[in-house]
Amino acid sequence: MATRCFGSSAMPELPEVETTRRGIEPYLIGQTLLDVEVRETRLRWPIDIVSLNSCIGLHISHVGRRGKYLLVALSDQTHLLIHLGMSGSLRLVTKEDNWRKHDHIQWQFSNTSLRFHDPRRFGCVIHIRGTPHEHRLLKDLGPEPLDKDFHSDYLYKVSRERITSIKTMIMDARHVVGIGNIYAQEALFAAGVSPLRRAGSLSRRECELLVDALRAQLHAALAAGGSTLRDFVNGHGEPGYFQLQLNVYGRAGQACCTCKKPLLMLRQLGRSTVYCQHCQR
DNA sequence: CCCAAGACCTGGCGGC
DNA sequence: TGCCGCCAGGTCTTGG
């Protein structure tokens, strides 16, 4: 079996996490865990080797996702909670595949092994007991942006009275999960809403435009990721958003594709934001 | 409760 | 060529 890489060297946004989930699930369902090897415990939280080893002998019943967290369900009702952070990826490898720098964990099955790779170590791997959605990292998460409970009325309602910027708000996982810096900027541009606007000042119509824009961005990236699952073989895959037209992200100083005026850059909560002062109000 | 700032980490880049 | 400093970003944690 060829090496398959899910996730990428670039930031795993929600579509990349979902593409990873879809990519690994068919290879892992029903597989029995034969061994676990941990070469680096210093991730976002230290790896609990004893707990990870206690999974040996269990089989995988499901691979789910909540926001950017992957949830690998095991046969004893416990779960592996995996986050790819900013630079993480999961690869299915064979015995012949040498360990690469920053490969931190390997789960060995009979025909394949799953390897966790994360140069910046912002990711996490936690073995959790109990209902996953009651876990402290998941219990306060907002709706999934592609589910029907994320709609313009919801965004309008939760944004009332909020003085924080709309960009900061849509990147806050308590209000809606999975919106990273790239999609936040692109969706705000597509919706014609300035990233500086107070969240509470958006009209119902603007909330509708923004929700539609976020959905469209994510759907397009997901479609791109899904259509290129095959290309992830051997690690040459690229995240979905690389195939999408990025109108503002990383284009500070360049001409707006709509009005041709130069795009501006500013910082919000330590993160860069690029936008068009003319097209976004 | 709400919001902002700090912390974590490495690869890649520009400047000298 | 090498060294240095800075930047990128998700999200938990801390502090006002």
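Only heavy atoms go into these numbers, but all of them, side chains included; no hydrogens, no water, no symmetry mates. Protein chains get the first letters and strands the later ones, always in sequence-line order, with residue 1 at the start of each.
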For this session: Please list residues of residues 164-181 of chain A whose heavy atoms come under 4.0 Å from any atom in DNA chain C, ordered by number; otherwise none.
Result: A:Met171, A:Gly180, A:Asn181

Problem set entry | Contact interval (first through last nucleotide) of DNA chain C with protein chain A, 4.0 Å heavy-atom | C:dA8 to C:dT13

Exercise. By a strict heavy-atom criterion of less than 4.0 Å, which residues belonging to residues 124-144 of chain A are in contact with DNA chain B?
Worked result: none

Problem set entry | Pair A:Glu134 + A:Lys139, salt bridge at N-O below 4.0 Å | no

For this session: Could you tell me whether A:Arg204 and A:Asp153 have a side-chain N and a carboxylate O separated by less than 4.0 Å?
Result: yes

Measure from the side-chain N and O atoms of [X] to the backbone N and O of [Y], and report whether any donor-acceptor pair falls under 3.5 Å.
{"X": "A:Asp103", "Y": "A:Arg100", "answer": "yes"}
{"X": "A:Ser194", "Y": "A:Leu196", "answer": "yes"}
{"X": "A:Ser61", "Y": "A:Ala73", "answer": "yes"}

Problem set entry | Interface limits on DNA chain B, where chain A has a heavy atom under 4.0 Å of a nucleotide atom | B:dC2 to B:dG11

For this session: Measure the angle between the two terminal helix axes of the helix from B:dC2-C:dG16 to B:dC16-C:dG2, five base pairs each, and quote it to 10°.
Result: 50°

For this session: Tell me what A:Arg267 touches on the nucleic acid: a base, only sugar-phosphate, or nothing, going by heavy atoms under 4.0 Å.
Result: sugar-phosphate

Exercise. Which part of the nucleic acid, if any, lies within contact of A:Arg44, taking any heavy atom under 4.0 Å across all strands shown: a base, the sugar-phosphate backbone alone, or nothing?
Worked result: base

Seminar exercise, completed: Only one of A:Glu37, A:Arg115, A:Arg39 passes side chain to side chain donor-acceptor pair (under 3.5 Å) with A:Gln106, and that residue is A:Arg115

For this session: Verify the cluster assignment for A:Phe116 and A:Ile56: are they in a single hydrophobic cluster under the rule of side-chain heavy atoms below 4.5 Å apart?
Result: yes

Problem set entry | ILVMFWY network linking A:Tyr27 to A:Ile105, side-chain heavy atoms under 4.5 angstrom | yes

Seminar exercise, completed: Applying ring pair (Phe, Tyr, Trp, His ring centres under 6.0 Å) to A:His79 and not counting sequence neighbours gives none

Exercise. Sequence neighbours excluded, which residues qualify as ring pair (Phe, Tyr, Trp, His ring centres under 6.0 Å) partners of A:Phe189?
Worked result: none

Seminar exercise, completed: Contacts satisfying ring-ring contact (aromatic ring centres under 6.0 Å, His included) that involve residues 80-99 of chain A (not counting sequence neighbours) are A:Tyr69-A:His83

Using distance only, find each side-chain donor-acceptor pair of residues 253-264 of chain A under 3.5 Å and give its atom names and separation, not counting sequence neighbours.
unit_1, atom_1, unit_2, atom_2, d
A:Gln254, OE1, A:Arg251, NE, 3.1
A:Gln254, OE1, A:Arg251, NH2, 3.3
A:Lys260, NZ, A:Cys257, O, 3.2

Problem set entry | Given DNA chain B, 5'-ward residue of the pair A:Leu269 and A:Leu43, judged by closest heavy atom | A:Leu269

Problem set entry | Which residue lies more 5' along DNA chain B, comparing A:Ile163 with A:Arg271 via nearest heavy atoms | A:Ile163

Exercise. To which residues is A:Met171 joined in a hydrophobic cluster, defined by side-chain heavy-atom contacts under 4.5 Å among Ile, Leu, Val, Met, Phe, Trp and Tyr, whether direct or through other members?
Worked result: none

Exercise. Excluding sequence neighbours, so at least two apart, what forms side chain to side chain donor-acceptor pair (under 3.5 Å) with A:Arg42?
Worked result: A:Glu40

For this session: Just jot down the side chain to side chain donor-acceptor pair (under 3.5 Å) partners of A:Lys167, sequence neighbours excluded, or say none.
Result: A:Asn181, A:Thr273

